[in-house]
Amino acid sequence: MPHDLPKSYEPGAIETRWADYWIKEKLFSVPTPPLGETRPVFTLLLPPPNVTGRLHMGHMLNQTQMDIIVRWHRMRGFITLWLPGTDHAGIATQMMVERDLAKEGKKRRDLGREKFIERVWEWKKLYGGAILDQMKRLGASVDWDREYFTMDENLSRAVREVFVRLYEEGLIYRGKYIVNWCPRCETAISDLEVKHEEVAGKLWEIRYPVIGASSEKLEFITVATTRPETMLGDTAIAVNAKDERYTHLHGKKVLLPLMNREIPIITDELAQPEFGTGAVKVTPAHDPNDFKAGQRHNLPQIDIMDEHAHMNQNAGAYAGLDRYEARKRILADLREQGFLVAEKDYALSLGKCDRCGTVVEPRLSEQWFIKIQPLARKAIEAVESGEITIVPENYKQIYLNWMNNIYDWCISRQLWWGHRIPAWTCDQCKHVIVAREEPLTCPKCGNTKLEQVSDVLDTWFSSGLLPFTTLGWPEKTRDQAVFYPTTLLITAYEILFFWVARMIMFGCHFMQGHEQDPAIKKASGWADKKNDSVPFRQVYIHALVRDADRQKMSKTKGNVIDPLEIIERFGTDATRFTLAAMAAPGTDIAFNESRTEGYRAFANKIWNAARFMFMNVDRLGFVWANSTRVGTGAFARPAQGEARPQGGTGIAAFTLSSLEDRWILSRFNRVTKEVNDALASYRFHEAANRIYDFFWGEFCDWYIELIKPRLNFEEGSDNSPARIACANLVNLFDASLRLLHPVMPFITEEIWQAMYEGNPPLKSIALAAYPQADENQFDLNAETEMAILQDLIVNVRNVRAELKVEPKAKVPIEVFVHEPEIRKMIERSLAAILSDRSANVEKVSFVDGSLAKQAGARSTARFDVHVIYEKKIDVVVERERLNKELEKLEKEFANNQRQLGNEQFLAKAPEKVVEGLRRRAQELIGLREKIKNQLRSLNGTGPDI
RNA sequence: GGGCGGUUAGCUCAGCUGGUUAGAGCGCCUGCCUUACAAGCAGGAGGUCGCAGGUUCGAGUCCUGCACUGCCCACCA
């Protein structure tokens with residue numbers, strides 16, 4: 001591979017190439033591990049995107065986080081399975097195809113069910129893969145060989161199996177209940193699919209005449225309603241038994257206006273005396289509360305609307321009208337006939353269909369339900385016991401609250417696209433048969449004419465089963481023994497109830513008694529877990545991505561940020577890095593491009609550091625081959641039977657020939673530790689920032705600058721010091737790339753491959769070992785010494801800037817130190833000081849007395865440094881700076897003394913803190929004195945203020 | 001009606017279990033095209049950590065109240 005990289009990083013040119021390569025080489029495919037496998041396993045199920053989906057920022061965040069965790073585990077030697085697939089997404093997909101049909105002026109009923117479904121499959125084949133292709137662009141390291149679709153035959157069979165089993169266990173029942181009905185989608189939807197919205201509405205008060213109250217004086221009972229059209233279906237008026245206003249009316253009847261139907265006045269808890277008039281109309285077929293009241297009192301249910309929310313023949317004169325048109329007419333008629341008492345402004349929350357936004361109508365219909373309590377109980381237990389942990393922890397309570405207040409789940413949908421309910425109705429006796437396969441005869445009457453129930457299942461019914469159905473259930477497979485329970489689930493809060501909760505319920509129920517392969521379980525770190533029926537051991541809930549103004553992104557608002565467009569402009573790596581760096585757990589992400597721009601600059605920085613490295617490698621004819629790395633084994637993927645990859649940073653043959661070498665090795669180990677710790681607790685932002693700061697702020701800004709003199713050998717002279725420096729540089733670069741790889745997979749792969757000149761030890765950096773910290777390589781002395789060196793150089797740069805010394809002018813400096821030890825340190829680093837371009841020092845000389853009185857001098861706790869330059873300093877500016885500095889020191893000193901003078905503090909604070917403050921006090925005294933001296937000498941040379 | 005989060009530099013955000021001098025990026029100002037990088041280098045300005053109390057030797061960090069703001073959940077006509 002050529003080393004002459006372009007001067008600027010061009011992500012577009014390399015990213016698609018590596019994405020394709022990873023797939024082509026099947027680097028992330030995981031065959032079923034054989035019996036006796038003892039390596040740890042990490043399993044992650046991709047929340048299946050809708051087949052209709054286009055990649056949005058939420059996906060991108062989700063997938064970036066998953067890919068980071070997955071790559072990290074893989075590089076640490078786990079058998080790492082990330083399982084991808086797509087969801088058939090019942091309503092959403094059906095809507096897309098219906099929209100398509102509408103362009104041809106057709107409706108789905110024109111085609112008929114079979115033809116329509118064929119059409120959906122065609123559509124799916126054509127457009128369904130789009131989102132997965134987009135995923136590939138992100139570099140998601142999933143196992144494409146295991147890709148599934150929720151309507152694949154094997155998964156569909158599992159769905160039927162689950163349905164039949166639940167039915168046989170009595171956990172599925174069918175019945176006529178009030179459900180949320182979307183008149184546009186023409187189907188029932190679950191409570192979760194209804195989104196409530198506050199709107200300014202009206203509350204109408206209508207009076208119903210009481211029959212036979214008194215012959216001379218008409219009496220009325222007044223009720224309030226927000227949906228007056230439903231009065232056509234009223235079958236009672238309810239008052240509270242304790243409400244004395246109405247005691248005399250108990251047992252009486254009223255005449256329903258417009259319909260002239262006699263309906264009873266009943267007493268029921270439904271009516272609360274404090275609200276409105278205390279009397280309430282009861283419409284059992286159109287309101288869930290009324291439905292229950294109706295059952296209590298055995299009231300008739302009069303359904304007055306059809307599936308489109310148009311009034312039906314039960315609505316008398318209003319039949320055929322749309323619900324809102326009917327409302328208008330009814331109000332007009334009531335007003336005209338004197339029944340409308342009042343119209344008040346009223347804020348109400350309207351339920352709307354999550355998919356299409358149509359106002360949901362409570363509707364009485366025959367549906368299938370899951371009796372949820374028995375399932376919920378196990379799901380609660382799994383989380384309460386800690387068998388499943390939820391991060392961040394506050395979601396645990398949210399989950400439990402929901403689970404504790406759960407209602408039976410309506411699982412039938414009146415759609416065509418989806419898993420059809422495996423139930424058949426006998427044409428003759430109307431008996432319902434639930435079976436795995438189509439029955440030939442009715443077991444009750446022997447009739448052979450049976451018709452399958454036309455409903456399909458809620459999409460979440462099948463996706464709730466995925467953790468085990470994708471692993472071969474209902475068969476007992478080796479895959480299940482190895483990969484179930486999956487290790488982790490990373491998902492958005494939005495689908496905590498839709499999906500996460502349901503997976504837990506189904507998993508705990510259907511996998512009860514399942515045991516994970518004990519050796520693998522132990523190796524993976526789950527030996528302490530008792531319950532292997534759970535679908536995953538941990539859940540990580542990530543934030544929402546908002547736009548730069550913290551607004552929720554939505555198509556209607558038009559503020560959707562297209563991740564692919566961002567990727568196009570800044571590169572996938574930079575986009576991934578942005579999301580990782582902003583993903584502090586628990587808070588939403590306001591995506592702003594300026595950050596991505598900054599991380600593109602970071603990629604460019606890495607790129608150019610690589611160019612620098614290659615430049616030297618080429619000049620020295622240095623070969624980075626296996627022989628160069630001595631015996632750590634850290635590059636090899638762990639062999640079979642090896643529980644963990646060998647530890648260590650993988651920095652082999654790193655020669656500690658100078659301060660900067662010792663320092664950078666120590667720093668690398670510390671950073672490695674921090675990054676691993678951060679990833680272990682999903683602190684993506686911390687991991688990303690640690691690497692960023694290290695690579696740019698330490699590796700590039702200091703280490704590379706400091707080794708430049710060593711690399712710059714004279715032509716024809718001994719180049720062995722340069723070779724050593726180069727080896728260290730390459731070594732460290734390799735390790736840094738591995739550290740960064742999970743976050744920025746593309747650029748790291750590109751450079752890593754280039755380092756091996758087309759002959760890498762592994763097919764990909766993605767298979768190399770992740771650096772692990774070696775605490776023996778923490779070197780506090782080197783870090784301290786380096787800090788002093790940096791401090792000295794920065795102070796010189798500082799003074800130069802202030803004295804406005806021409807950048808090209810070399811200056812001599814004087815240094816005064818209090819301790820001989822420090823002097824030795826500085827002397828050891830003379831070459832480094834003299835080679836720093838910005839300090840541009842000509843000569844260093846040590847002096848015996850404090851330099852604090854000199855203009856152009858700086859004092860620190862450990863040394864004074866004086867830049868010798870004839871140019872006069874700006875006295876006013878300098879005095880201002882010193883005064884400010886002094887003020888700061890005085891403030892700190894006062895605070896310091898206050899604490900040290902406090903006996904309570906001395907008694908209670910830990911020794912370390914007290915010790916630190918004491919040391920600081922000494923420093924402060926010294927520094928204060930020096931600044932004062934400088935100010936005094938300044939006043940001798942310049943005008944007073 | 002309940003529950004949960006946020007409020008730190010001009011902007012976007014870090015700051016884990018309370019501990020010495022509150023950080024970063026962008027933006028801004030000054031100076032540099034220094035032989036990896038101007039998507040860069042060096043230097044600099046900028047914060048009473050939303051408000052008011054409290055606990056503590058010590059509070060950006062813990063507690064209470066308030067203000068503003070966002071999110072979720074809820075069948076009260």
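Reckoned from all heavy atoms, side chains included, excluding hydrogens, waters and symmetry mates. In what follows, every chain begins at residue 1, and chains take the letters A, B, ... in the order their sequences are listed.
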Answer yes or no: side-chain N or O of [X] and base N or O of [N] forming a donor-acceptor pair under 3.5 Å.
X	N	answer
A:Y395	B:C72	no
A:Q272	B:C76	yes
A:N289	B:C75	yes
A:E705	B:A36	yes
A:K7	B:A38	no

When you measure from the side chain of [X], which nucleotide among [options] comes out closest?
X	options	answer
A:K808	B:U12, B:C33, B:A36	B:C33
A:L917	B:G19, B:C37, B:U20	B:U20
A:H685	B:A14, B:A42, B:U56	B:A14
A:P807	B:U34, B:C32, B:G46	B:C32
A:A601	B:G40, B:A36, B:G25	B:G40
A:N608	B:C57, B:C37, B:G43	B:C37
A:Y692	B:G25, B:A36, B:U12	B:G25
A:S838	B:C41, B:C16, B:C4	B:C41
A:S8	B:U20, B:A39, B:G40	B:A39
A:A590	B:U12, B:C57, B:G40	B:U12

query = Distance only, no hydrogens: is a donor on one side chain within 3.5 Å (strictly under) of an acceptor on the other, for A:R862 and A:T860?
reply =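 The criterion, which ignores hydrogens and geometry beyond distance, is not satisfied for A:T860 and A:R862.
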
Please say whether more than 12 non-hydrogen atoms of neighbouring residues, nucleotides or ligands are located less than 6.0 Å from [atom1] in [X].
X	atom1	value
A:K891	NZ	no
A:E274	CD	yes
A:E494	CD	no
A:K242	NZ	no
A:E890	CD	yes

Measuring only the [atom1] atom in each nucleotide, how far is [N] from [M]? A whole number of Å is fine.
N	M	atom1	answer
B:G50	B:G3	P	24 Å
B:C49	B:A59	P	12 Å
B:A22	B:U48	P	13 Å
B:G6	B:G25	P	25 Å
B:G31	B:G47	P	23 Å
B:G65	B:G19	C1'	27 Å
B:C4	B:A42	C1'	47 Å
B:C28	B:A36	C1'	28 Å

With sugar-phosphate meaning primed atoms plus P, OP1 and OP2, does [X] contact a base, only sugar-phosphate, or nothing at under 4.0 Å between heavy atoms?
X	answer
A:D693	nothing
A:A238	nothing
A:V914	nothing
A:F602	nothing
A:D191	nothing
A:K708	base
A:R600	base
A:P910	base
A:L906	nothing

Side-chain N or O of [X] closer than 4.0 Å to phosphate OP1/OP2 of [N]:
X	N	result
A:W696	B:A36	no
A:N895	B:U21	yes
A:R797	B:G43	yes
A:N604	B:G40	no
A:K888	B:G47	no
A:K605	B:C41	yes
A:R837	B:A36	yes

Take atom [atom1] of [X] and atom [atom2] of [N], then tell me their distance rounded to the nearest Å.
X	N	atom1	atom2	answer
A:N405	B:A74	CG	P	9 Å
A:I495	B:C72	CD1	C1'	15 Å
A:Y599	B:G25	OH	P	9 Å
A:L192	B:C75	CG	P	11 Å
A:H196	B:C72	NE2	P	12 Å
A:L706	B:A36	CG	C1'	15 Å
A:I925	B:U20	CD1	P	20 Å
A:L496	B:C73	CG	P	10 Å

Does [N] have a Watson-Crick or wobble mate here (both distances under 3.5 Å), and if so which one?
N	result
B:G5	B:U69
B:U48	none
B:C32	B:G40
B:C13	B:G23

request  = Measure the acute angle between the ring planes of A:Y692 and A:F602, then classify it against the limits of 30° and 60° as parallel, tilted or perpendicular.
outcome  =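 The rings of A:Y692 and A:F602 sit tilted, inter-plane angle from 30° to 60°.
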
inquiry  = Tell me whether the rings of A:Y177 and A:F369 are parallel (<30°), tilted (30 to 60°) or perpendicular (>60°).
reply    =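 Judged by the thresholds at 30° and 60°, the geometry between A:Y177 and A:F369 is perpendicular.
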
5'-most by nearest nucleotide on RNA chain B - A:V194 or A:P11 =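 Closer to the 5' end of RNA chain B: A:P11.
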
query = Does A:W402 or A:Y346 map to a spot on RNA chain B nearer the 5' end, using the closest nucleotide for each?
reply =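 Here A:W402 is the residue nearer the 5' end.
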
inquiry  = As a quick check of understanding, evaluate ring pair (Phe, Tyr, Trp, His ring centres under 6.0 Å) for A:Y395 and A:Y493, giving each step before the final call.
reply    = CA-CA 8 Å; A:Y395 288 109; A:Y493 169 71; 5.3 Å; yes

task = Output yes when a side-chain donor or acceptor of A:T277 lies under 3.5 Å from a complementary backbone atom of A:T222, and no otherwise.
result =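 Answer holds: yes.
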
